[in-house]
Amino acid sequence: MYFALLLASSVLGELAGNASTLALLKDWLVVMTDGNNKALVHLNAVTRRIDLLCQLFGPLCFGLLSLLSEDPRTRVIIGAIAIGG
């Protein structure tokens with residue numbers, strides 16, 4: 001039961017992440033640059049770098065949070081607070 005709930009929330013999270021990435025890269029940046037191709041290329045590159053750095057350092061920072069406590073219950077609470085923040 002819990003595994004199905006976890007799986008469903010993971011699928012919804014992945015879909016929401018993909019939708020926000022598409023909305024950001026396809027619509028928002030184009031409107032923001034107002035047809036200026038050079039600015040669009042630059043903003044796409046910067047946005048992609050930020051995205052890749054977050055994908056790299058996010059799990060690393062979350063993993064380092066587990067070093068704060070030996071108690072598994074406290075680790076779960078710290079992780080929930082980090083995700084909520």
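Worth saying up front: this structure is predicted, and the values here are computed from it rather than measured.
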Leu7 CG to Leu12 CG distance, which is reported to the nearest 0.5 Å: 10.0 Å

Candidate pair Ile81 and Ile77, rule side-chain contact (heavy atoms from CB on, under 4.5 Å), full reasoning: CA-CA 6 Å; Ile81 291 170; Ile77 292 171; 3.9 Å; yes

Pairs meeting criterion salt bridge (charged side-chain N to carboxylate O under 4.0 Å, His left out) with involvement of residues 67-85, two or more places apart: none

For Ile50, all residues meeting side chain to side chain contact (heavy atoms under 4.5 Å, CB included), sequence neighbours excluded: Val46, Cys54

Ser9 side chain vs Leu5 backbone, donor-acceptor pair below 3.5 Å: yes

From Gln55 atom CD to Leu60 atom CG, the distance as rounded to the nearest 0.5 Å: 14.0 Å

Residue pair Asn36 / Leu40, side-chain heavy-atom distance below 4.5 Å: no

